[in-house]
Amino acid sequence: MKSGRTTTQEFDAVVIGAGFGGLGMLRKLRDELGMSVRIYETGDGVGGTWHWNRYPGARCDSESYIYCFTFSKELLQDWNWSGKYPEQPEILSYLNHVADRFDLRRNIQFDTKVVSSRYVEETNRWEVETDTGDRVTAKFFITWIGCISTSNVPTMNGLESFEGEWHHTGDWPHDGVDFAGKRVGIIGTGSSGIQAIPVIAEQARSLTVFQRTPQYTIPARHGTIDRKFLEEEVKPNYEKILEKARWSKSGNAVNFSERLALNATAEERKEAYEAGWTEGGHKFLWGSFKDIGKDRRANDTAAEFIRAKIREIVKDPETAEKLLPTDHPLGSKRALIDTDYFETYNRENVELVDIRHSPIQTITPSGIRTEDSEFELDMIVFATGFDAMTGSFFKIDIRGRNNLSLKDKWSEGPKTYLGLQVAGFPNMFMITGPGSPSVLSNMTVSIEQHQEFISDFLDYMRANDIEVAEADPNSEIEWVSHVNKVAESTMYMLADSWYLGANIPGKPRVFMPYAGGVGTYREKCNEIVDKGYEGFILRA
Ligand code: NAP
């Protein structure tokens with residue numbers, strides 16, 4: 001335990017995490033409901049994901065004008081993003097600006113990890129303990145611990161013997177990393193890897209990419225933001241744009257195509273895919289054909305278009321062949337957008353190693369040995385992802401009614417009602433927990449919807465003298481079954497991905513987010529509210 005502070009205080013609400021989720025929750029509960037709130041944050045600053053993920057090339061792939069808080073009209077009008085997609089340093093500046101502008105820091109205790117939180121039946125309060133010795137109680141316990149924040153460094157023989165530096169993208173040194181003159185190896189080609197690879201390649205002496213699964217990725221066409229678009233189309237129409245995003249499938253204000261790839265001619269398909277590729281970003285998927293996400297034959301037409309692009313861009317045919325994704329449909333893993341990812345393999349200093357066919361055997365003091373080769377390296381970058389959605393919960397000893405631990409309750413996969421509450425854990429709320437659209441959407445839209453839901457719920461409880469709110473176990477069973485059923489009809493079930501927990505050995509294979517879409521989910525939540533918080537057990 002860290003030494004220093006030891007306090008025993010009482011709050012209306014304790015919130016974990018000072019990222020987008022925690023900051024907005026604090027503002028709502030403190031400034032709109034007049035509650036006493038304490039945020040505990042492990043880091044030494046605000047930002048959450050954006051505090052930790054400082055790897056080169058890190059940015060969000062929702063467009064910047066829609067990746068923001070929307071509670072303040074003035075903030076929306078005042079803040080000017082510089083890039084089409086917001087880059088990590090700028091998102092961090094934005095969150096710092098929000099923390100200062102709304103005077104949020106005074107309710108945040110930084111450098112403090114919550115180690116346990118226990119519901120006490122007799123008092124109807126949560127007892128929260130931290131690694132700094134704080135023991136506080138709160139009526140409401142609210143988690144914003146990030147869906148993708150527990151870094152996964154896979155167990156690899158010999159890592160402790162490696163004499164160079166190694167880093168995980170999700171826990172990147174705050175002072176930066178100097179690649180100059182170094183032989184760098186990177187393991188992983190997910191969202192983080194494909195962003196980092198082109199940037200590291202430009203700075204390092206050499207870069208060796210250890211790839212297990214080839215990826216589909218579309219050019220992001222990132223650049224500075226179109227000022228005219230921002231000033232003339234976005235800012236005067238912000239409310240309309242935001243409303244569209246809130247009721248959309250993915251939390252973005254875009255138009256989805258109504259056309260079917262299977263009804264189009266080969267020429268029409270090519271034209272649509274070329275247009276999407278040229279415009280770039282996720283619009284390749286949304287704007288081309290609506291059956292890509294539903295019908296494998298339609299999906300194959302888009303997948304084949306991308307494979308042809310890879311063959312066209314990558315000059316060495318052997319490298320191009322290794323980069324071709326063939327074992328899963330397009331969009332069954334997290335959809336990716338990139339800047340010069342495939343082009344990077346044309347650089348003299350970049351080598352691609354296929355570890356699906358020649359797996360890593362061991363890390364040696366001087367590099368990495370695969371089944372058929374040895375690579376001398378000065379640095380290893382792990383872009384190997386996260387123990388997503390549940391990993392961060394399990395780092396805290398969370399106990400509900402009858403001392404039931406969340407870890408035990410979720411031993412066969414997460415069980416929640418709406419991704420908001422867990423039966424047996426009264427007055428505990430999760431912002432974008434498993435079972436909500438969260439990671440399948442533009443996060444800020446999903447986060448704000450949960451902040452509003454929770455805040456309205458607590459207000460309703462107060463107005464109606466309700467002391468305890470808890471998910472009904474039957475509603476939880478029905479919701480989990482609905483989440484599974486919706487996932488069954490998607491491409492997501494056809495790939496080994498972190499959505500299914502497949503990246504963590506031993507993790508139950510359960511599809512964790514809700515794939516029904518942000519708008520549909522919002523509608524369901526609103527119906528539940530209209531029926532007096534149906535599915536929640538409320539007690540005076
Ligand atoms: P990820 O998508 O889980 O990718 C991890 C990569 O590491 C995959 O290529 C995986 O290969 C590989 N890998 C994992 N364990 C390995 C092992 N033992 N040996 C060899 N390779 C291994 O993780 P991520 O790239 O950090 O992204 C996680 C999520 O964070 C994203 O899906 C996204 O939601 C979010 N994110 C978003 C952005 C953005 O907005 N642009 C940027 C970064 C992250 P396999 O595919 O074979 O498992």
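In listed order, ligands and their atoms are each counted from 1.
Protein heavy atom nearest atom 4 (O) of ligand 1, with residue, atom name and distance: Gly190 CA, 3.5 Å. Counting only heavy atoms of the protein, atom 28 (C) of ligand 1 lies nearest to Trp498 NE1, 3.7 Å. In this structure, the protein non-hydrogen atom closest to atom 24 (P) of ligand 1 is Ser192 OG, 3.4 Å. Protein heavy atom at the shortest distance from atom 35 (C) of ligand 1 is Ile148 CD1, 3.7 Å. Counting only heavy atoms of the protein, atom 23 (O) of ligand 1 lies nearest to Gly385 CA, 3.1 Å. Looking at atom 39 (C) of ligand 1, its nearest protein heavy atom turns out to be Arg59 O, 3.4 Å. Closest protein heavy atom to atom 46 (O) of ligand 1: Lys333 NZ, 2.7 Å.
Heavy-atom separations between Met156 and ligand 1 include at least one value shorter than 4.0 Å.
Residues Thr319 and Leu323 meet the side-chain proximity criterion, which asks for heavy atoms closer than 4.5 Å.
Ligand-side atoms of ligand 1 in range of Ile187: 20 (C), 21 (N), range being under 4.0 angstrom from any heavy atom. Taking every non-hydrogen atom of Asp61 and a distance limit under 4.0 Å, the qualifying atoms of ligand 1 come out as 39 (C), 40 (O), 41 (N). The Gly188 neighbourhood of ligand 1 comprises atoms 6 (C), 7 (O), 9 (O), 12 (C), with distances under 4.0 Å to a heavy atom of that residue. Counting atoms of ligand 1 from 1 in the listed order, those under 4.0 Å from a heavy atom of Thr189 are 6 (C), 8 (C), 9 (O). Applying the 4.0 Å criterion to heavy atoms of Ile355 picks out, from ligand 1, the atoms 20 (C). In the vicinity of Tyr55, heavy-atom distances shorter than 4.0 Å reach the ligand 1 atoms 42 (C), 43 (C). Set against the non-hydrogen atoms of Phe386, the atoms of ligand 1 under 4.0 Å away are 26 (O), 28 (C). Here is the list of ligand 1 atoms found below 4.0 Å of a heavy atom in Cys60: 40 (O).
Counting non-hydrogen atoms of neighbouring residues, nucleotides and ligands closer than 6.0 angstrom, the CZ atom of Arg227 exceeds 12 such neighbours. Counting heavy atoms of neighbouring residues, nucleotides and ligands inside a 6.0 Å radius, atom CD of Glu279 does not exceed 12 of them. Heavy-atom neighbours of Glu412 CD from other residues, nucleotides or ligands within 6.0 Å: at or below the threshold of 12.
Across the listed options Arg212, Gln88, Arg356, Arg212 owns the non-hydrogen atom lying nearest to atom 17 (C) of ligand 1. Nearest-heavy-atom check against atom 33 (C) of ligand 1 across Met443, His328, Arg334 picks out Arg334. Proximity annotation for atom 44 (C) of ligand 1: of Ser191, Ala502, Cys147, Ser191 comes nearest, heavy atoms only. Around atom 7 (O) of ligand 1, the closest heavy atom drawn from Gly146, Ala388, Pro505, Ala383 belongs to Ala383.
Tyr67 pairs with exactly one of Phe20, Tyr85, Trp81 by the ring-ring contact (aromatic ring centres under 6.0 Å, His included) rule, that one being Phe20. Residue Thr208 forms a side-chain contact (heavy atoms from CB on, under 4.5 Å) with just one option from Val353, Ile368, Leu352, and that option is Val353. Partner of His482 under the ring-ring contact (aromatic ring centres under 6.0 Å, His included) criterion, chosen from Tyr521, Tyr417, Tyr514: Tyr514.
Side-chain polar atoms of Asp372 and Ser358 form a donor-acceptor pair below 3.5 angstrom. Side-chain atoms of Thr490 and Lys294 include no donor-acceptor pair closer than 3.5 Å. For the residue pair Arg59 and Thr339, a side-chain donor N or O sits within less than 3.5 Å of a side-chain acceptor on the partner. Side-chain contact annotation: Ser288 with Ser257, donor-acceptor N/O pair under 3.5 Å absent.
Under 4.0 Å from ligand 1, not a single heavy atom of Ser497 appears.
The pair Glu41-Lys113 does not count as a salt bridge, with every side-chain nitrogen at least 4.0 angstrom from each carboxylate oxygen.
The N/O atoms of Thr213, backbone and side chain alike, include one that comes under 3.5 Å of an N/O atom in ligand 1.
Classification of the Tyr65-Tyr238 ring pair by plane angle, with boundaries at 30° and 60°, yields tilted.
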